[in-house]
Amino acid sequence: GRALRMLRALSFVSKLGFSIEDSTYKSIIKNKDLLKNISVERIRVEFDKISNGAFKKDAWKIFYELKLNHIFPNI
């Protein structure tokens, strides 16, 4: 659902070098608590994609800008 799309946006940043549109960025900030509903297995798959992309530094930078590390404190 919607929560998984938030992580997928970061996967696309990492893999393809995309930027996140302003409205999408704001939506992630507004809805980031939904990320708590994603299964650990799905989170692991998306984090692997983020970690292995050519633009992973950009993706992780956005991850921290969005303060998603507050949702996933073990990252």
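- In summary, Arg44 and Glu41 do not engage in a salt bridge, as defined by a charged side-chain N under 4.0 Å from a carboxylate O.
- Rounded to the nearest 0.5 Å, atoms CE (Met6) and OG (Ser11) are 13.0 Å apart.
- No more than 12 heavy-atom neighbours from other residues, nucleotides or ligands sit within 6.0 angstrom of NZ on Lys15.
- Phe12 belongs to a hydrophobic cluster whose other members, connected by ILVMFWY side-chain contacts under 4.5 Å either directly or through intermediates, are Leu16, Phe18.
- The hydrophobic cluster of Val40 has no other members, since no ILVMFWY side-chain heavy atom comes under 4.5 Å of it.
- Ring centroids of Phe47 and Trp60 are separated by less than 6.0 Å, placing the two rings close together.
- Two different hydrophobic clusters hold Ile62 and Phe55 under the rule that ILVMFWY side chains link at heavy-atom gaps under 4.5 Å.
- For the residue pair Ser14 and Ile50, the shortest heavy atom distance occurs at OG-O, 2.6 Å.
- Interatomic distance, Arg42 CZ to Asn37 CG, rounded to the nearest 0.5 Å: 14.5 Å.
- In the hydrophobic clustering of ILVMFWY residues, with side-chain heavy atoms under 4.5 Å counting as a link, Leu4 and Val45 come out apart.
- We find the CD1-CG distance between Ile43 and Asp48 to be 12.0 Å, quoted to the nearest 0.5 Å.
- Side-chain atoms of Lys32 and Leu66, non-hydrogen and from C-beta on, never get closer than 4.5 Å to each other.
- Heavy-atom minimum distance, Ala9 versus Ile28: CB-CD1, 4.4 Å.
- Using a 4.5 Å heavy-atom threshold, the side chains of Glu46 and Leu10 count as separate.
- When the side chains of ILVMFWY residues are joined at heavy-atom separations under 4.5 Å, either directly or via intervening members, Phe63 and Leu34 end up in a single hydrophobic cluster.
- Here Leu68 contributes atom CG and Leu35 contributes atom CG; the two are 6.0 Å apart, rounded to the nearest 0.5 Å.
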